[in-house]
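Accompanying notes for the structure given below.
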Amino acid sequence: MAENDIITIDGPSGSGKSTISRLVAARLGFTYLDTGAMYRAVGYKAGRLGIDLADGPALAAMLENIDLVLAPGEGDTRVILDREDISLAIRTAEMGLVASKVSAQPVVRARLTDMQRRLGRGGRVVVEGRDTGTVVFPGARYKFFLDAKPEERARRRCLQLREKGQQADEQDILAQISKRDRDDSDRALAPLKPAADAVIVDTSRMTIDDVVSFMLEKVEKLGQNRQNDSQGAGKIHP
Ligand code: DC
């Protein structure tokens, strides 16, 4: 693979994106960039400061001097905001809704998109989110869109939250993720949708290992096609 390679993985919540992105990144020795964590951190900070999540100018002022550090590791990315570790505080269902709300603000999207492009500039990165293949890195060669049936996604989210010691009701979670998907898909700016050239993977009936193997095979195949393309470049075919 080339030095500047970027793999984008988009999809709705509970589609397996985070776990799979982390595993794919680890297998390839790439860095993992969780863009959802950035939107969660911005929502968290706005809440702390009592800023209305729809108040663009106040959010813009807040973003002027946000100190956000992401440290990917074995599990969820560690998120340090203004020198405070907020990794656990942002991983709640409620913070998912807050992040979704704040993410519809143009000023927030512009600032975070810019940060994400800078973080991914060096390549060898797996970027996960909603718009990473469509807006943040439209030129990425390797693009995936993970999806799964809403009931299955709610079941997975519930398990995840319970593993973290949080209470979770499957019906409540289903209602929350359905609302979040609707809001994320219907917004005017950078809506949740597959890039035209993304490989769409329905993970409903696949294990994590199945999905990771499938994706690594695809990446290898696409990489080979590129090599063949570039070997053929400049040649004149009869
Ligand atoms: O992936 P996540 O659940 O941590 O994301 C939280 C919210 O952040 C999601 O509902 C919408 C928003 N988001 C976004 O708008 N664009 C991204 N690239 C990533 C997340």
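All ligand and atom numbering here is 1-based and tracks the order in the structure. If you're wondering where the values come from, they're calculated on a predicted model, not measured in any experiment.
Using a 4.5 Å heavy-atom threshold, the side chains of Asp82 and Lys45 count as touching. Side-chain atoms of Tyr39 and Asp34, non-hydrogen and from C-beta on, never get closer than 4.5 Å to each other. No side-chain heavy atom of Gln105 sits less than 4.5 Å from a side-chain heavy atom of Leu189.
Remark: ligand 1 and Arg40 share an N or O pair separated by less than 3.5 Å (distance only, no angle test). Backbone and side-chain nitrogen or oxygen atoms of Asp34 are examined, and none is located within less than 3.5 angstrom of a nitrogen or oxygen of ligand 1.
If you number the atoms of ligand 1 from 1 as listed, the ones under 4.0 Å from a heavy atom of Gly129 come out as 18 (N), 19 (C). The atoms of ligand 1 that sit less than 4.0 Å from any heavy atom of Ser103 are 11 (C), 12 (C), 15 (O). If you number the atoms of ligand 1 from 1 as listed, the ones under 4.0 Å from a heavy atom of Ala99 come out as 6 (C), 7 (C), 8 (O).
Other residues, nucleotides and ligands contribute at most 12 non-hydrogen atoms within 6.0 Å of the CD atom of Glu220. For Arg78, the CZ atom counts as loosely surrounded, since its 6.0 Å shell holds 12 or fewer non-hydrogen atoms of other residues, nucleotides or ligands. Within 6.0 Å of CD on Glu94 lie no more than 12 heavy atoms contributed by other residues, nucleotides or ligands.
Among residue pairs with one or both ends in residues 56-65, none qualify as side chain to side chain donor-acceptor pair (under 3.5 Å); sequence neighbours excluded.
Under 4.0 angstrom from ligand 1, the non-hydrogen atoms of Arg180 all belong to its side chain. The proximity of Met95 to ligand 1, defined as any non-hydrogen pair under 4.0 Å, does not occur for either the backbone or the side chain. Contacts of Arg109 with ligand 1, taken as heavy-atom pairs under 4.0 Å, involve the side chain alone.
Considering only non-hydrogen protein atoms, atom 11 (C) of ligand 1 sits nearest to Asp184 OD2, 3.3 Å. Residue, atom and distance of the protein heavy atom nearest to atom 19 (C) of ligand 1 are Thr35 OG1, 3.4 Å. Shortest contact from atom 1 (O) of ligand 1 to any protein heavy atom: Arg130 NH1, 2.9 Å. From the protein, the heavy atom lying nearest to atom 18 (N) of ligand 1 is Asp131 OD1, 2.8 Å. The shortest contact between atom 8 (O) of ligand 1 and any protein heavy atom is with Tyr39 CB, 3.5 Å.
A pairwise comparison of heavy atoms in Asp202 and Ser204 identifies OD1-OG, 2.6 Å as the closest pair.
Partners of Lys101 according to the side-chain hydrogen bond (donor to acceptor under 3.5 Å, both in side chains) rule, which considers only residues two or more places apart in sequence or in another chain, do not exist here.
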